[in-house]
Amino acid sequence: MLSVDFDCPDPAELARFYGNALGLPVVYRSDDFILLGRENAPGLGFIRVADYRPPTWPDSSQGKQAHMELGVDDLDAAHARMLALGAVEPPVQPHPDERRVLLDPAGHPFCISTQD
């Protein structure tokens, strides 16, 4: 699984917009997350964030809310590999048994996950 995930206040609303705009069907749905895409292809995910504040682009006072979600077969091996490639592990890991949050060399967050 590979997806680009966007924080938002209402996943259904944003998924409806992008689904219609890009012709992508829903492949996974929960109350707080919706994934659009096609089988064996990258997707777009939309994650509910309770205190969501929209980006103020081009003003950088409130940055963009998007991150990469990378599917892996072995979470521990992928974690070690990403660290060896230059990723940094932040101090907070909300669900370390399901996914790991890492920071790329420029500080952008991304997740590795074994969830399908």
Side-chain angles (χ1 to χ4, degrees):
M1 169 183 75
L2 169 67
S3 67
V4 176
D5 298 336
F6 294 88
D7 293 353
C8 62
D10 183 350
E13 178 183 44
L14 205 52
R16 188 171 29 260
F17 170 80
Y18 280 104
N20 288 332
L22 303 173
L24 292 173
V26 172
V27 295
Y28 176 82
R29 176 186 303 270
S30 74
D31 290 340
D32 296 319
F33 180 74
I34 296 177
L35 179 65
L36 302 177
R38 303 200 189 288
E39 217 165 299
N40 299 318
L44 290 176
F46 306 97
I47 300 171
R48 181 182 316 280
V49 173
D51 62 347
Y52 176 77
R53 287 176 281 155
T56 55
W57 185 91
D59 176 358
S60 62
S61 63
Q62 178 65 38
K64 299 177 210 168
Q65 295 89 23
H67 70 272
M68 297 295 292
E69 184 84 24
L70 306 174
V72 299
D73 293 328
D74 182 321
L75 192 55
D76 291 330
H79 186 187
R81 180 174 180 269
M82 293 299 172
L83 292 175
L85 291 173
V88 175
E89 184 174 352
V92 176
Q93 293 294 322
H95 304 285
D97 295 326
E98 299 173 6
R99 67 177 26 88
R100 309 279 168 78
V101 179
L102 299 169
L103 304 175
D104 70 18
H108 301 112
F110 68 95
C111 296
I112 54 174
S113 170
T114 55
Q115 295 179 331
D116 290 328

Cluster link Ile47 to Val27, ILVMFWY, side chain under 4.5 Å:
yes
Show the numbers, then the answer: is there a side chain to side chain contact (heavy atoms under 4.5 Å, CB included) between Leu24 and Tyr18?
CA-CA 7 Å; Leu24 292 173; Tyr18 280 104; over 6 Å; no
Is the number of heavy atoms from other residues, nucleotides or ligands under 6.0 Å of Asp73 CG greater than 12?
no
Hey, what do you get for SG (Cys111) to CE (Met82), rounding to the nearest 0.5 Å?
11.5 Å
Would Gln93 and Arg100 count as a side chain to side chain contact (heavy atoms under 4.5 Å, CB included) here? Give the steps.
CA-CA 6 Å; Gln93 293 294 322; Arg100 309 279 168 78; 3.9 Å; yes
Are the side chains of Leu83 and Leu85 in contact, using a 4.5 Å heavy-atom criterion?
no
Apply side chain to side chain contact (heavy atoms under 4.5 Å, CB included) to residues Leu35 and Leu44 and explain how you reach the verdict.
CA-CA 6 Å; Leu35 179 65; Leu44 290 176; 5.7 Å; no
Taking all non-hydrogen atoms of both residues into account, name the closest pair between Leu103 and Phe110 and its distance.
C-CE2, 3.9 Å
Taking side chain as C-beta onward, heavy atoms only, is Pro25 less than 4.5 Å from Arg38?
yes
Which residues pass the side-chain hydrogen bond (donor to acceptor under 3.5 Å, both in side chains) test with Ser30, sequence neighbours left out?
none
Please examine the side chains of Ile112 and His79, heavy atoms only from C-beta on, and report whether any two atoms are closer than 4.5 Å.
yes
Roughly how far apart are Leu2 CG and Leu70 CG, rounded to 0.5 Å?
6.0 Å
If I compare all heavy atoms of Leu75 with all of Arg99, which pair ends up nearest, and what's the gap?
CD2-N, 4.1 Å
Is there a side chain to side chain contact (heavy atoms under 4.5 Å, CB included) between Glu13 and Phe46 once you walk through the steps?
CA-CA 9 Å; Glu13 178 183 44; Phe46 306 97; over 6 Å; no
Check ion pair Arg48-Asp7 (N to O, under 4.0 angstrom):
no
Membership question, hydrophobic clusters at under 4.5 Å side-chain separation (ILVMFWY): are Val88 and Val92 in the same one?
no
So, for Phe6 and Leu14, which heavy atoms are closest and what is the spacing to 0.1 Å?
CB-CD2, 4.4 Å
What are the two closest non-hydrogen atoms of Pro90 and Leu102, and how far apart are they?
CD-CA, 3.9 Å
Of the non-hydrogen atoms in Leu36 and Ala15, which two are nearest, and what is the gap between them?
CD1-O, 3.5 Å
May I ask you to decide if the ring planes of Phe33 and Tyr28 are parallel, tilted or perpendicular, using 30° and 60° as cut-offs?
tilted
Under a 4.5 Å side-chain heavy-atom rule over Ile, Leu, Val, Met, Phe, Trp and Tyr, are Val4 and Phe17 clustered together?
yes
